[in-house]
Amino acid sequence: MKREYEINASTLVILPIEEEKCRVYEYDKEFIVKRQSTKIINDSCMFFGSSLNGRQYGTKKLINVAVKAPIIIEESKKIIFFLTTSPRQDNCTWISFNNLIKYEKNEDKTILTFKNNKQIELDLSYNIVDNQIVRCIKLEKAFIKRKKVI
């Protein structure tokens with residue numbers, strides 16, 4: 001039986017552990033969801049009224065980024081997630097931009113620190129995370145600027 005899961009403001013990371021299984025980290029708990037990470041993201045986008053493709057298209061329109069584009073999953077709470085590889089890959093990890101407070105290089109890995117002081121070490125280049133953070137900042141700024149115009 002598949003557990004349904006939607007991203008929320010306390011979601012920190014969706015980390016693939018097998019082909020059809022992810023570990024979800026939230027502020028106060030972690031658990032396994034029997035879905036691919038990108039399917040969880042798409043389902044969450046659909047829950048909030050769009051799709052992953054729609055959110056990616058929105059990011060492209062706002063900041064002209066189409067490859068590994070961060071997305072706004074939910075507008076009113078400005079829930080933004082970024083990915084670590086192509087969303088078509090089984091090992092695509094999704095990270096909450098809103099909940100991340102610090103990231104540090106640890107040899108060839110990166111340690112992420114979240115608002116609840118939870119730390120997660122990922123086998124991921126610091127430069128990839130840094131580039132994705134810059135994209136998230138641009139996306140958030142463009143989104144806020146657009147909201148002010150409306």
Side-chain angles (χ1 to χ4, degrees), residues 5-17 19-27 30 33 35-150:
Y5 180 75
E6 276 83 33
I7 302 297
N8 60 68
S10 71
T11 307
L12 307 176
V13 174
I14 301 172
L15 179 68
I17 53 177
E19 187 176 328
E20 288 280 333
K21 194 182 283 188
C22 294
R23 181 174 307 280
V24 175
Y25 293 89
E26 290 189 346
Y27 277 165
E30 60 183 77
V33 177
R35 305 268 297 152
Q36 289 179 325
S37 62
T38 301
K39 287 181 181 177
I40 293 170
I41 293 291
N42 187 57
D43 291 348
S44 296
C45 291
M46 297 288 280
F47 181 80
F48 291 114
S50 187
S51 66
L52 175 56
N53 287 339
R55 300 297 188 186
Q56 289 169 324
Y57 181 75
T59 296
K60 183 170 176 26
K61 286 297 191 183
L62 284 171
I63 63 170
N64 200 29
V65 171
V67 178
K68 291 197 314 189
I71 59 167
I72 300 170
I73 292 181
E74 202 279 329
E75 294 92 357
S76 68
K77 294 180 182 153
K78 292 187 221 103
I79 298 175
I80 298 173
F81 269 69
F82 65 92
L83 61 169
T84 59
T85 63
S86 166
R88 292 181 296 281
Q89 293 186 7
D90 290 338
N91 66 339
C92 183
T93 298
W94 289 83
I95 301 167
S96 168
F97 168 69
N98 312 82
N99 291 317
L100 187 65
I101 58 169
K102 183 170 70 169
Y103 54 103
E104 304 168 273
K105 186 175 185 173
N106 185 22
E107 296 177 9
D108 58 343
K109 297 181 180 183
T110 303
I111 300 172
L112 307 173
T113 304
F114 295 91
K115 288 179 182 176
N116 64 345
N117 293 317
K118 174 141 185 87
Q119 290 189 321
I120 299 173
E121 184 176 67
L122 296 178
D123 190 10
L124 183 64
S125 159
Y126 175 88
N127 292 334
I128 288 172
V129 174
D130 193 55
N131 185 51
Q132 291 300 87
I133 293 294
V134 169
R135 289 175 172 190
C136 287
I137 291 167
K138 288 179 180 179
L139 178 59
E140 182 180 50
K141 185 175 180 178
F143 178 72
I144 291 169
K145 186 176 180 181
R146 175 93 30 108
K147 291 288 275 186
K148 285 182 181 178
V149 170
I150 294 172

Can you confirm whether [X] sits close enough to [Y] that some side-chain heavy atom of one is under 4.5 Å from a side-chain heavy atom of the other?
X	Y	answer
Tyr27	Thr11	no
Gln36	Arg88	no
Trp94	Phe82	no
Val129	Leu124	yes
Ile120	Thr113	no
Lys68	Ile128	yes
Asn91	Thr85	yes
Ile80	Ile73	no

Notebook entry, point to check: Between Lys115 and Ser10, is there a donor-acceptor pair closer than 3.5 Å when you use the side chain of the first and the backbone of the second?
Noted result: no
Notebook entry, point to check: Any sub-3.5 Å donor-acceptor pair from Asn42's side-chain atoms to Leu52's backbone N or O?
Noted result: yes
Rounded to the nearest 0.5 Å, how far apart are [atom1] of [X] and [atom2] of [Y]?
X	Y	atom1	atom2	value
Leu122	Thr110	CG	OG1	7.0 Å
Phe143	Lys141	CZ	NZ	15.5 Å
Asn64	Arg135	CG	CZ	10.5 Å
Ile72	Thr59	CD1	OG1	6.0 Å
Glu20	Lys39	CD	NZ	4.5 Å
Gln132	Ile95	CD	CD1	8.5 Å

Nearest heavy atoms of [X] and [Y], plus distance in Å:
X	Y	result
Ile79	Ala9	CD1-N, 3.8 Å
Ile14	Ile40	CD1-CG2, 3.7 Å
Ile7	Ser44	N-OG, 2.7 Å
Ser37	Cys22	N-SG, 3.3 Å
Cys92	Leu83	SG-CB, 3.6 Å
Thr38	Pro87	OG1-O, 2.9 Å

Check: What's the verdict on ring pair (Phe, Tyr, Trp, His ring centres under 6.0 Å) for Phe97 and Phe81, showing C-alpha distance, side-chain angles and the deciding distance?
Finding: CA-CA 5 Å; Phe97 168 69; Phe81 269 69; over 10 Å; no
Margin query: Taking Glu140 first and then Lys78, would you say they form a salt bridge - that is, a charged N and a carboxylate O separated by under 4.0 Å?
Written below: no
Next item on the list: In sequence, state the C-alpha distance, the side-chain angles, and the governing distance for Leu139 and Leu62, and then conclude on side-chain contact (heavy atoms from CB on, under 4.5 Å).
Entry: CA-CA 7 Å; Leu139 178 59; Leu62 284 171; 3.8 Å; yes
Is there a donor-acceptor contact under 3.5 Å linking the side chains of [X] and [Y]?
X	Y	value
Tyr5	Glu26	yes
Asn106	Tyr126	no
Glu74	Asn8	no

Notebook entry, point to check: What do the steps show when you test Ile71 against Cys45 for side-chain contact (heavy atoms from CB on, under 4.5 Å), and what is the final call?
Noted result: CA-CA 9 Å; Ile71 59 167; Cys45 291; 3.7 Å; yes
Notebook entry, point to check: Quick check: are there more than 12 heavy atoms from other residues, nucleotides or ligands sitting under 6.0 Å from OH of Tyr57?
Noted result: no
Note to self: Go through it in stages, so that I can follow the logic: the residues are Glu30 and Lys118, the test is side-chain contact (heavy atoms from CB on, under 4.5 Å), and I'd like the CA-CA distance, side-chain angles, deciding distance and then a yes or no.
What the structure shows: CA-CA 11 Å; Glu30 60 183 77; Lys118 174 141 185 87; 3.6 Å; yes
Next item on the list: In sequence, state the C-alpha distance, the side-chain angles, and the governing distance for Val13 and Asn99, and then conclude on side-chain contact (heavy atoms from CB on, under 4.5 Å).
Entry: CA-CA 9 Å; Val13 174; Asn99 291 317; over 6 Å; no
